[in-house]
Amino acid sequence: MKTIVILLVTLISVGIQAQEKKNKNATYTFEVNGNCETCKQRIEKAAYSVKGVKSAVWNIETHQLDLIINEEKTDVTAVKKAIVAVGHDVGDMKADDAVYDKLHHCCKYERK
């Protein structure tokens, strides 16, 4: 019986050590469609609404979002989904047409 317990403890210890360590300051940059300062505020607010986002800065000219997240608390897909939910397309993730249609006219970017 002791041998089985020792074997299980050893296997669990090895398994825990083999797990990939999550990055507490993972950086990502990706395109988010938008046009203006209002879009910037909406995009950044949506990103910050996700627990684990440390920094979110969207550039109006380049349409790039620079993101720093704690991967122990979230992942980049969760942030993208939050941004899409407020009407902004992110790469091949498209905002719902009904949400996009409710954006202010200056915020309506050319959809691909």
Spacing of N25 atom CG and E71 atom CD [to the nearest 0.5 Å]: 10.0 Å
Interatomic distance, H105 atom NE2 to N35 atom CG [nearest 0.5 angstrom]: 10.5 Å
Sequence neighbours excluded - ring-ring contact (aromatic ring centres under 6.0 Å, His included) pairs with any residue from residues 27-46: none
Whether H88 and Y109 hold their rings parallel, tilted or perpendicular, with breakpoints at 30° and 60°: parallel
Side chains of N70 and K54, donor plus acceptor under 3.5 Å: no
Whether over 12 other heavy atoms sit under 6.0 Å from D101 CG: yes
Side chains of L65 and I83 in contact at under 4.5 Å (non-hydrogen atoms): yes
K102: partners by side-chain contact (heavy atoms from CB on, under 4.5 Å), with sequence neighbours left out: none
E37 and I60, any side-chain heavy atoms less than 4.5 Å apart: yes
Residue pair D89 / V84, side-chain heavy-atom distance below 4.5 Å: no
Flag side-chain contact, heavy atom, 4.5 Å: D66 against T27: no
L67 side chain near V76 side chain, heavy-atom distance below 4.5 Å: yes
Contact check, side chains of C107 and R42, non-hydrogen atoms, under 4.5 Å: yes
Short N-O contact, R111 and D97, less than 4.0 angstrom: yes
From CD (E31) to CG (N33), nearest 0.5 Å: 5.0 Å
Spatial distance of atom CE (M93) from atom NZ (K81) [nearest 0.5 Å]: 6.0 Å
Student check: side-chain heavy atoms of H63 and W58 closer than 4.5 Å: yes
